[in-house]
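Below, all heavy atoms of this structure are taken into account, side chains as well, without hydrogens, waters or symmetry copies.
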Amino acid sequence: QIQLVESGGGLVQAGGSLRLSCAASGRTFTNYAMAWFRQAPGNDREFVAAISWNGGHTNYADSVKGRFTISRDNAKNTVSLQMNSLKAEDTAVYFCAADPWITFATMASGPYANWGQGTQVTVSS
């Protein structure tokens, strides 16, 4: 239904910051919830943060709460993830996801129907 493209990944020292962006194209709607997940080598994909397009609700994994901030720009069909105070354990491929049927209770668990290709984030300690 929609296509997602992530950008902004790279290499950063521990304690530094990065901002990831996700651009949506195709059949886009303002009522799509959007989220960020990440996957480190050998690990399962895990939830990072999510935001509701209509309600403005946000949800964060405990591991990133207070350090990461998710935001949206519906006019540009984009979602961003500001990552501060980065740690070595934040190293992973970060994926953008979107779905029109996500509720507040399912923002972290999904399922999300649409996914981007991922962008690499590497944090050196």
Practice item. Treat each ILVMFWY residue as a node, draw an edge where side-chain heavy atoms are under 4.5 Å apart, and state whether Met34 and Phe104 are in one component. Key: no
Review point. Is it the case that one hydrophobic cluster holds both Trp36 and Leu18, taking links as side-chain heavy atoms less than 4.5 Å apart, direct or via other members?
Key: yes
Point to revise | Heavy-atom pair with the smallest gap, counting every atom of Thr119 and Gly9 | key: OG1-N, 3.3 Å
Point to revise | By ring pair (Phe, Tyr, Trp, His ring centres under 6.0 Å) - contacts of Tyr94 (at least two apart) | key: none
Point to revise | side chain to side chain contact (heavy atoms under 4.5 Å, CB included) partners of Gln120, counting only residues at least two apart | key: Thr91, Val93, Thr122
Review point. For the side chain of Glu6 and the backbone of Gly118, is there at least one donor-acceptor N/O pair under 3.5 Å apart?
Key: yes
Considering only distance and modelled atom types, tabulate donor-acceptor pairs under 3.5 Å from the side chains of residues 106-116, sequence neighbours left out.
residue: Thr106; atom: OG1; partner: Thr103; partner atom: N; Å: 3.0
residue: Thr106; atom: OG1; partner: Thr103; partner atom: O; Å: 3.4
residue: Thr106; atom: OG1; partner: Thr103; partner atom: OG1; Å: 3.2
residue: Tyr112; atom: OH; partner: Met107; partner atom: O; Å: 2.6
residue: Asn114; atom: ND2; partner: Ala98; partner atom: O; Å: 3.3
residue: Trp115; atom: NE1; partner: Tyr112; partner atom: O; Å: 2.9

Which pairs would a plain distance check flag for residues 78-86, meaning a side-chain donor or acceptor within less than 3.5 Å of a matching protein atom at least two apart in sequence or in another chain?
residue: Gln82; atom: NE2; partner: Asn84; partner atom: OD1; Å: 3.0
residue: Asn84; atom: OD1; partner: Ser17; partner atom: OG; Å: 2.8

Point to revise | Other residues, nucleotides, ligands: >12 heavy atoms within 6.0 Å of Asp44 CG | key: no
Point to revise | Leu4 with Phe47, same ILVMFWY side-chain cluster at under 4.5 Å | key: no
Check your understanding: Among all residues two or more places apart in sequence or in another chain, which pass the side chain to side chain contact (heavy atoms under 4.5 Å, CB included) test with Thr58?
Key -> Ile51, Tyr60, Ile70
Exercise for review: Scan for salt bridge (charged side-chain N to carboxylate O under 4.0 Å, His left out) pairs involving residues 33-42, sequence neighbours excluded, and state none if there are none.
Suggested key: Arg38-Glu46, Arg38-Asp90
